[in-house]
Chemist: 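The structure's right below; bear with me while I get my questions together.
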Amino acid sequence: GFETILLVENPNLEDTLTKFMPDVIVFSRPSTMIRGRHVRTELNVPVLYWAHDLHAKRTSLAEELEGISASDSLVMSLVEQLAISSADLAVFPTKEDSEAACRKYSVSSTEEHQYFSIRSSSPIPEAIREENLVFIGSPGHKPNQDGLFWFLEECWPLVKDKVGSVKLQIIGAWQDSQIYRQGNDAVEFTGQLAEYEVSHLMSKGLIGISPLRFGAGMKRKTLQYLESGLSVVSTDFGLQGLPTNQDNKSWLRANTKIDFVDAIVQLTQQRNITSEIAKSGNAFVKQFFSEEEFDLGLERILKKAKVQRR
């Protein structure tokens, strides 16, 4: 069985873990991993640090983009190094992050495992999709703030000049953000939506965009677009963990303003290509991010963690 421990309800982490007597302990935040590192010895069970990305890398990329000092990323490097070294095994969602952690922190006990899984579902129906772009993400995440601002400032006016009928739907609680003031008749801020509302909106859209200019780890938004049958236009950062041999087949990769605009224009004007890319992307994510694939990977990692513990 699994038990999720919420620190708000269980401030005494060590006592809670001792009472539960787990076979394996998984920490998902560096600060929590550091806080609970002593139980590794006390309980004599494998301890995993399951990261959702390489925090110091993401922070450093943001500092470079903004032209500010590297103080935050240096602090995060120290925190992250302690978290990784305190675990029997550190797990990252992409091979890129796993290998970067090995190089940066001189450790060998890392593994790669996808952070998300896609439930089996019926094939995406052939639907009449509206000429809508979709972006989903939290304004509290800096890569989302920067990426969406860049897209609205640099790309969106050019897209509108070439495809006047296209609209952009932004999902998330952006109403209190500066970006919200950039909205117009062709930009709809939907606010926070329930999961079924997100699925309904995406089922009618045409293109999912991931215009991220920095970041680390795998992006749920990109997988969600693929699962929903949207054609995807993304930068490298939105496609981390996904193979380049699927470029121009399951999604379009675009890292400059001109390339991003051209990809969107192509997909809005050539619907036969758009449909084929959407179908290929949907089939890819269902094959390689299925619950079965997730479970197989998890079993492999738990076995390795037990070996590491010996």
Side-chain angles (χ1 to χ4, degrees), residues 24-37 40 46-117 137-148 150 210-224 234-244 253 255 288-289 293-294 297-298 300-302 304-305 308:
V24 178
I25 300 172
V26 179
F27 293 102
S28 63
R29 294 285 178 179
S31 57
T32 315
M33 177 66 247
I34 292 170
R35 176 180 165 183
R37 68 188 187 278
R40 179 186 179 194
V47 171
L48 276 67
Y49 168 55
W50 201 297
H52 67 265
D53 69 8
L54 201 57
H55 296 278
K57 175 184 172 184
R58 168 165 45 90
T59 306
S60 177
L61 289 167
E63 290 167 341
E64 290 179 20
L65 197 62
E66 296 171 9
I68 59 178
S69 69
S71 56
D72 287 347
S73 61
L74 289 174
V75 171
M76 182 51 69
S77 291
L78 296 174
V79 171
E80 207 160 41
Q81 184 170 30
L82 180 55
I84 293 171
S85 63
S86 297
D88 291 295
L89 188 64
V91 184
F92 294 90
T94 69
K95 183 178 180 182
E96 180 183 350
D97 281 352
S98 178
E99 292 178 346
C102 289
R103 292 192 302 270
K104 184 176 181 64
Y105 300 123
S106 301
V107 295
S108 58
S109 55
T110 66
E111 263 291 345
E112 170 199 353
H113 188 278
Q114 60 206 45
Y115 204 73
F116 307 103
S117 63
S138 165
H141 191 51
K142 282 188 176 181
N144 286 337
Q145 294 177 15
D146 173 82
L148 187 55
W150 173 78
S210 295
L212 308 179
R213 300 197 298 165
F214 67 94
M218 193 162 284
K219 307 305 182 295
R220 185 184 180 216
K221 63 168 59 61
T222 303
L223 300 181
Q224 198 166 6
S234 176
T235 60
D236 285 341
F237 292 106
L239 292 170
Q240 284 177 306
L242 300 179
T244 56
R253 188 183 299 262
N255 288 305
F288 293 102
F289 288 85
E293 284 292 317
F294 185 94
L298 179 59
R300 170 180 54 82
I301 284 172
L302 292 177
K304 182 173 181 178
Q308 294 283 107

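The figures that follow rest on heavy atoms only: side chains count, while hydrogens, waters and symmetry mates do not. No experiment lies behind these values; they were computed from the predicted model shown.
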Chemist: I'd like to know if Glu80 and Lys104 make a salt bridge, using a cut-off of under 4.0 Å between side-chain N and carboxylate O.
Modeler: no
Chemist: Say you draw a straight line from CZ of Arg29 to NE2 of His52; how long is it, rounded to the nearest 0.5 Å?
Modeler: 5.0 Å
Chemist: Is a donor on one side and an acceptor on the other found under 3.5 Å between the side chain of His113 and the backbone of Phe294?
Modeler: yes
Chemist: Would a distance-only check, ignoring hydrogens and angles, find a side-chain to backbone donor-acceptor pair under 3.5 Å from Lys219 to Phe237?
Modeler: yes
Chemist: At what distance, to the nearest 0.5 angstrom, does CD1 of Ile84 lie from CG of Leu54?
Modeler: 6.5 Å
Chemist: Could you walk me through whether Asp53 and His55 pass the side-chain contact (heavy atoms from CB on, under 4.5 Å) check?
Modeler: CA-CA 6 Å; Asp53 69 8; His55 296 278; 3.5 Å; yes
Chemist: Under a 3.5 Å distance rule, please check whether Ser60 uses its side chain to pair with a backbone N or O of Ala56 as donor and acceptor.
Modeler: no
Chemist: If we ignore hydrogens and angles and just use 3.5 Å, is the side chain of Arg37 paired with the main-chain N or O of Ile34 as donor and acceptor?
Modeler: yes
Chemist: Please lay out, stage by stage, how Leu242 and Phe289 fare under the test side-chain contact (heavy atoms from CB on, under 4.5 Å).
Modeler: CA-CA 11 Å; Leu242 300 179; Phe289 288 85; 3.7 Å; yes
Chemist: Nearest 0.5 angstrom please: Leu65 CG to Arg213 CZ, how far?
Modeler: 4.5 Å
Chemist: If you apply the rule side-chain contact (heavy atoms from CB on, under 4.5 Å), what do you find for His141 with Arg58, and how did you get there?
Modeler: CA-CA 11 Å; His141 191 51; Arg58 168 165 45 90; 4.1 Å; yes
Chemist: Supply the atom-to-atom distance Ser109 OG to Tyr49 OH, rounded to the nearest 0.5 angstrom.
Modeler: 12.5 Å
Chemist: Please give me the minimum heavy-atom distance between Ala62 and Phe214, naming the atom from each residue.
Modeler: CB-CE1, 3.4 Å
Chemist: Could you tell me whether the side chain of Gln145 and the main chain of Pro139 form a donor-acceptor pair under 3.5 Å?
Modeler: yes
Chemist: Just verifying a value: how many Å separate Ser117 OG and Leu223 CG, rounded to the nearest 0.5 Å?
Modeler: 10.0 Å
Chemist: Do side-chain atoms of Asn255 reach the backbone of Thr235 as a donor and acceptor pair under 3.5 angstrom?
Modeler: no
Chemist: Checking side-chain polar atoms at under 3.5 Å, does Thr222 have a donor or acceptor matched by the opposite partner on Ser234?
Modeler: no
Chemist: Rounded to the nearest 0.5 Å, how far does CZ of Arg220 lie from CZ of Phe116?
Modeler: 6.5 Å
Chemist: Do any N or O atoms from the side chain of Glu63 and from the backbone of Ser73 form a donor-acceptor pair under 3.5 angstrom?
Modeler: yes
Chemist: Quick check: does any side chain N or O of Asp97 sit under 3.5 Å from a backbone N or O of Ala216, one acting as donor and the other as acceptor?
Modeler: no
Chemist: Examine distances only and state if a side-chain atom of Asp88 and a backbone atom of Ala305 form a donor-acceptor pair shorter than 3.5 Å.
Modeler: no
Chemist: Give the intermediate values and the outcome of side-chain contact (heavy atoms from CB on, under 4.5 Å) for residues Tyr105 and Thr110.
Modeler: CA-CA 11 Å; Tyr105 300 123; Thr110 66; over 6 Å; no
